[in-house]
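In what follows, a single structure is set out as structure tokens and then discussed.
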2 protein chains.
Amino acid sequence: MPYNVSQKLIKDHLVSGEMTPGKEIGLKIDQTLTQDATGTMVMLELEAMKLDRAKTEASAQYVDHNIIQEDSKNPDDHLFLQSATRKFGLYYSRPGNGVSHPVHMQRLAKPGKTLLGSDSHTCANGCMGMLAMGAGGIDVAMAIAGEPFHVKMPEIWGIKLTGELPDWVSAKDVIFELLRRYDVKGGVGKIMEYYGPGLRNLNAMDRHVIANMGAELGATGTVFPSDEEVRTFLKSQHREEDWTELLADEGASYDLHEEINLSELEPLIAKPSSPGNVVPVKEVAGEAIYQSYVGSSANPGYRDFAITAEIVKGKKIANGISFDINPTSRQMLTDLVDDGHIGSLISAGARLHQAGCNGCIGMGQAPASSRNSLRTTPRNFPGRSGTREDSVFLCSPETAAASALTGKITDPRMLDMDYPNVKEPDHPTVDDTMLDPPLPLEDARKVELVKGPNIASIPEMDALPDEFDLPVLLKMGDNISTDEILAGGARVLPYRSNLPKISTFCFEIIDETYNDRAMQAGGHAVVGGYNYGQGSSREHAALAPRYLGLRVALVKDFARIHWQNLVNFGVLPLTFSDESDYHQLEEGDVLELRNVRTQLPQGKEFSIAIKGKQKTINVTHALSDRQVDMMLKGGLINWVKDRQS
Amino acid sequence: MPYNVSQKLIKDHLVSGEMTPGKEIGLKIDQTLTQDATGTMVMLELEAMKLDRAKTEASAQYVDHNIIQEDSKNPDDHLFLQSATRKFGLYYSRPGNGVSHPVHMQRLAKPGKTLLGSDSHTCANGCMGMLAMGAGGIDVAMAIAGEPFHVKMPEIWGIKLTGELPDWVSAKDVIFELLRRYDVKGGVGKIMEYYGPGLRNLNAMDRHVIANMGAELGATGTVFPSDEEVRTFLKSQHREEDWTELLADEGASYDLHEEINLSELEPLIAKPSSPGNVVPVKEVAGEAIYQSYVGSSANPGYRDFAITAEIVKGKKIANGISFDINPTSRQMLTDLVDDGHIGSLISAGARLHQAGCNGCIGMGQAPASSRNSLRTTPRNFPGRSGTREDSVFLCSPETAAASALTGKITDPRMLDMDYPNVKEPDHPTVDDTMLDPPLPLEDARKVELVKGPNIASIPEMDALPDEFDLPVLLKMGDNISTDEILAGGARVLPYRSNLPKISTFCFEIIDETYNDRAMQAGGHAVVGGYNYGQGSSREHAALAPRYLGLRVALVKDFARIHWQNLVNFGVLPLTFSDESDYHQLEEGDVLELRNVRTQLPQGKEFSIAIKGKQKTINVTHALSDRQVDMMLKGGLINWVKDRQS
């Protein structure tokens, strides 16, 4: 049977399940990627699992998010991450070395491999003929420990590319065209696989741009074939030996179909405040801007900066514009300096920032209130820039550069100049000075973790007791989000490596007495309504309440990811068998759970008595056998620890 | 009578007083400098004064401190500052153009002129044969409005330089030698004037390094002659016409004397946590470091970065070191890029940051907890780096570069290489793209101030009433600092442009009910003990309570600068004529002031009745006639407003 590229990748890594869209499959993970914002918890999880050494072929920890360092918390995290990579046998990309996705592509990506990353744009490396997927931190920790990754078998969506990009139109406009057609949920449950004659005109870094923003369509992954363009790229990185060809079989088919004629595209732009809000640039041309911003994993290539430089070379940007240049890798910055492009940018009036994610994830570079910001970044959700009432447009480097010159949104085709056709350099600098390789095992075993005062190990968590009495500490309504369970933002996030401290913020938006009462009660339960745990996937929203003693969340139904996180951290997620029982329970009631360890494996339903009330209610769980086993052990960390030993 | 350079500068600008050390003199101010952290309030003060146009020869507003932009407050401030410079006829140096002191030196400094700046390192431009002094914000606002600056006539301290710096020793080590000899209060009440044959071997930018850190000795100013080196520098900036010779007269004398033989100096370093804690580098050599940091107004020259680059060229910095490069001006960054130095730094493993103050004032780049940081910055006070328990050493670029290579504090003479004798470029880039000149008057008058939601005008303040009843809202003890009156830090300082908002933090450390009670009471008084208002010079600590209705501060005695700030903002500073009366007063008492407008000009003492208590107490003021006039009008802003109209 002829396979497409995605199917080949899945088939080669399938360890459980069958390749029927919608069914759970288990996949062997070859490589992992973590960044610093999510990676500290991953490393603490590895410590808690008592991992000896990473079992993947290559796992890399990048420091690219929290590189501003307003106090000791971020630099302490960097030192912790470095020590953890040395201990567990990971690569460590130092602060200043660049953004995870392009650096991984340059130095570690390999066709035919799977990559799991605790960053939603991990899909970017699908440009290299890889199956690259974003996931929660503990999923990545599990993969580092050698466990398979479980996901529903996606539909494979074949996107046929024909034609050739016109002047002033670039890869960014290709993914914008898909967002224009399908909006931000168009890719959910799908892998987007690109094929067709148009691929010939997109080099590996162009494909990175397209693959990256598969995340904005909600796709499980983006897959490109590994062809001569990938070989050329690997050769330029002195890694031609890592290349293998990976093409769809003759006659391969797709579950869904789409086609884009590159020749017909024009410069596109995503208006505030969604990446799916795409229109032609000419429709919004003329609006005054405050900022023009080039960089991020959505336009990380040498080409993206070089063409920006060529467009502004010898000219001056409009007065009052903040023209922010964010190099994406140190290697590439070296070439951009050597080739004169950085000089051109600075002379034109650019603000040159250190290599990293920076403003793309709200770390500086926020625009002024109510002023338009043009960015080559992947996301423009409200407030993500750091400015509450922001107005962020997403665009290509060409549009950003043209607009910087005029001071207003400008279709780059309107510039009075020829299109500067720059390409990736044939012989780029290759320099791993700031990418530390894994230590040899004997050295690694001697490494002690370096923990600043804000870094606390994850405490041991006990197995599920067979019987317990759990007071209900909170009774909540519908649609409680993970932001309400554990807020994000600058006040809370610096404690991402400190479970005892971050736990003090649990549920504070709902009831600020919760923390004290939980500390007093120990084991306890919470009750909620529909769609409990919607919103952000942050695993801290399960781990932190668990740390405070949460053992059962009993609700009408769960949001998917939070349910998974509760399971992972050993909090029993239960639903009312009869939703009207929700009204039977009050804050302060005590749930009597009995014979839990026997009942859980036996069936999906069991009953709980309410202490002193002569009432019982029936509850239901949705755990698989694997998950029941995990739950009995007290969560995923304990489960893996058992398997490691 | 033969004059030294300082005396000439003072004599040429003297508008009141006599040149006897310790006596108050009034000086005409030719140029001003404001940075963004202090400048927003200065611009609001100009607005409140209803200034039509700056009356100085050149006034420049730099944006170099708050350039991280985590939310809209900083960029909104930038837009406000730009609009204010356009309205009032000032230069505007955009974010990314660099640090105020070197940029001012390059583009605006002129021998023979006075410069007043709302930044303590304003003295740096003394390298250009100027009398350059730091001052409070409203002093600079006054100078912009054409008013003289009042200061006690300093003693002139002649520092004779002989000999020539050895290899691996540079200008930074000269000022360290003075700090080693005299510590951080050695320059108080003095101007440090350099002369002698050693000057021949120090170019203008070397002298900037020395002049800058006069601030760390507490000096009123630093003065160098304007000689051929200054001419050479101005010529390189295409401003030779701005040069005038300014040398000490034959036979000129100094109030105090010191001599340094440059040939005998060795690499020096200031240990934590004071710039006066100076020892030879070799004494602390071998200590492991976390960070090596090059930049700031204390080492701003092309030479400082070029020599760092030459030292690390073709090598790699030690693993685990954060090697932070902070360019000080955009002009200079262009040359450093063109000449290959930036390339050398990045290749060696540097983190290249945007041009600005950055970590020097705790805006990012904080070191990890308890790790040593080596910096070419001027200050290492505890916690200034952003890290509470920091360990910051100050050193030359040579020492910073050598230590980055070895990973520990290293005397650069121990490196196995010849000293790379780099110099300032003869033909540096001159580029004012990001330095907007003042608007012509007719255009300026049309400009509206641009105020984001966090920028609030200073409300009109009323004249001193002739009689009023003032409840005592706080009775405090001794040594109340301005930090207790109005805290600094990241929680409070973002509201520096928003008087109503920042006022809500007044006295909250002492009594958090103060704000509510003041809002309710309106006009009120506070009572304190000795040394009231010690610490930071921040003028907000007078302005914000005044905004809440504070009219009288009655204490045992005042710290000097806070006393001045109270006067400037129309709060009557009174002391007990008989200190034992302190015990007569309680919180809640009401002071009855009568015939104040008549009594104040008549004498230094008058009496106040305590309402309903049949008691009166005698109080004393220390206002000069000028200050009485100011006080009657309601403060300096009103006083100037009257004079403008």
Side-chain angles (χ1 to χ4, degrees), chain A residues 67-76 78-79 82 94-96 290-291 316-317 319-320 322-324 327 330 333-334 337-338 340 342-343 346-355 359 362-371 385-390 429 431 433-434 436 452-454 490, chain B residues 67-76 78-79 82 94-96 290-291 316-317 319-320 322-324 327 330 333-334 337-338 340 342-343 346-355 359 362-371 385-390 429 431 433-434 436 452-454 490:
Chain A
I67 55 178
I68 288 184
Q69 300 174 217
E70 294 200 335
D71 60 26
S72 55
K73 289 202 270 309
N74 287 340
D76 284 357
H78 302 168
L79 293 178
Q82 186 172 36
R94 298 189 222 161
Y290 159 82
Q291 181 175 48
K316 300 293 179 188
I317 60 163
N319 193 344
S322 186
F323 184 36
D324 292 279
R330 182 177 149 274
L333 177 57
T334 311
V337 166
D338 289 350
I342 291 295
I346 297 170
S347 292
R351 298 169 69 177
L352 178 67
H353 301 276
Q354 73 171 321
M363 296 290 173
Q365 307 169 4
S369 309
S370 314
R371 302 289 179 124
S385 68
T387 291
R388 190 181 289 258
E389 306 285 338
D390 61 9
T429 299
D431 180 355
T433 303
M434 292 178 97
D436 302 342
N454 186 44
Chain B
I67 55 178
I68 288 185
Q69 300 173 219
E70 293 199 335
D71 60 25
S72 55
K73 289 202 271 307
N74 286 340
D76 284 356
H78 303 169
L79 293 178
Q82 186 172 36
R94 298 189 223 161
Y290 160 81
Q291 181 174 50
K316 300 294 178 186
I317 60 162
N319 193 343
S322 186
F323 184 36
D324 291 280
R330 183 177 148 274
L333 177 57
T334 311
V337 166
D338 289 350
I342 292 295
I346 298 170
S347 291
R351 298 169 69 177
L352 178 68
H353 301 276
Q354 72 171 320
M363 296 290 173
Q365 307 170 5
S369 309
S370 315
R371 302 288 179 126
S385 69
T387 291
R388 189 182 290 258
E389 306 284 337
D390 62 8
T429 300
D431 180 355
T433 303
M434 291 177 98
D436 302 342
N454 186 44

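Not measured: the values here are computed from a predicted model. Order of the sequence lines fixes the chain letters, A, B, ..., with proteins taken first and strands second; residue numbering starts at 1 for each chain.
- Of the atoms belonging to B:L352, heavy atoms from both backbone and side chain fall under 4.5 Å from chain A.
- Contact count versus chain A (heavy atoms, under 4.5 Å) is highest, among B:M434, B:R330, B:H353, for B:R330.
- Residues B:S347 and A:T433 approach most closely at O-OG1, 4.1 Å, considering heavy atoms.
- Each of B:G343, B:G96, B:G349 has some count of heavy-atom pairs under 4.5 Å with chain A, and the biggest count is that of B:G349.
- Both the backbone and the side chain of A:I346 come within less than 4.5 Å of a heavy atom of chain B.
- Here the CD-OG distance, from A:E70 to B:S385, works out to 12.0 Å after rounding to the nearest 0.5 Å.
- B:S322 contributes atom OG, which lies 8.5 Å from atom NE2 of A:H78 (distance to the nearest 0.5 angstrom).
- Of the two parts of B:P95, the backbone and the side chain both hold a non-hydrogen atom closer than 4.5 Å to a non-hydrogen atom of chain A.
- Considering only heavy atoms from C-beta on, A:S369 comes within 4.5 Å of B:P453 through its side chain.
- With chain A as partner, the option from B:G320, B:G359, B:S370, B:A350 having the largest number of non-hydrogen pairs under 4.5 angstrom is B:G320.
- Taking CD of A:Q69 as the start and CD of B:Q291 as the end, the distance is 7.0 Å to the nearest 0.5 Å.
- Of the atoms belonging to A:D431, it is side-chain heavy atoms, and not backbone ones, that fall under 4.5 Å from chain B.
- Neither the backbone nor the side chain of A:R388 comes within contact range of chain B; no heavy atoms are under 4.5 Å apart.
- Proximity to chain A is limited to the side chain of B:Y290, based on heavy atoms less than 4.5 angstrom apart.
- With sequence neighbours left out, the salt bridge (Lys or Arg N to Asp or Glu O under 4.0 Å) criterion links A:D324 to A:R351.
- Contact tally against chain B (heavy-atom pairs below 4.5 Å) for A:L333, A:V337, A:N319, A:L79: the top residue is A:N319.
- Comparing B:K316, B:M363, B:K73, B:R371 by how many heavy-atom pairs each has under 4.5 Å with chain A, the most go to B:K316.
- In this structure B:D436 satisfies the salt bridge (Lys or Arg N to Asp or Glu O under 4.0 Å) test together with B:R94, sequence neighbours excluded.
- The distance from the CD1 atom of A:I68 to the CD1 atom of B:I68 is 5.0 Å, given to the nearest 0.5 Å.
- In this model, no donor atom of one side chain and acceptor atom of the other lie less than 3.5 Å apart for A:T387 and B:D71.
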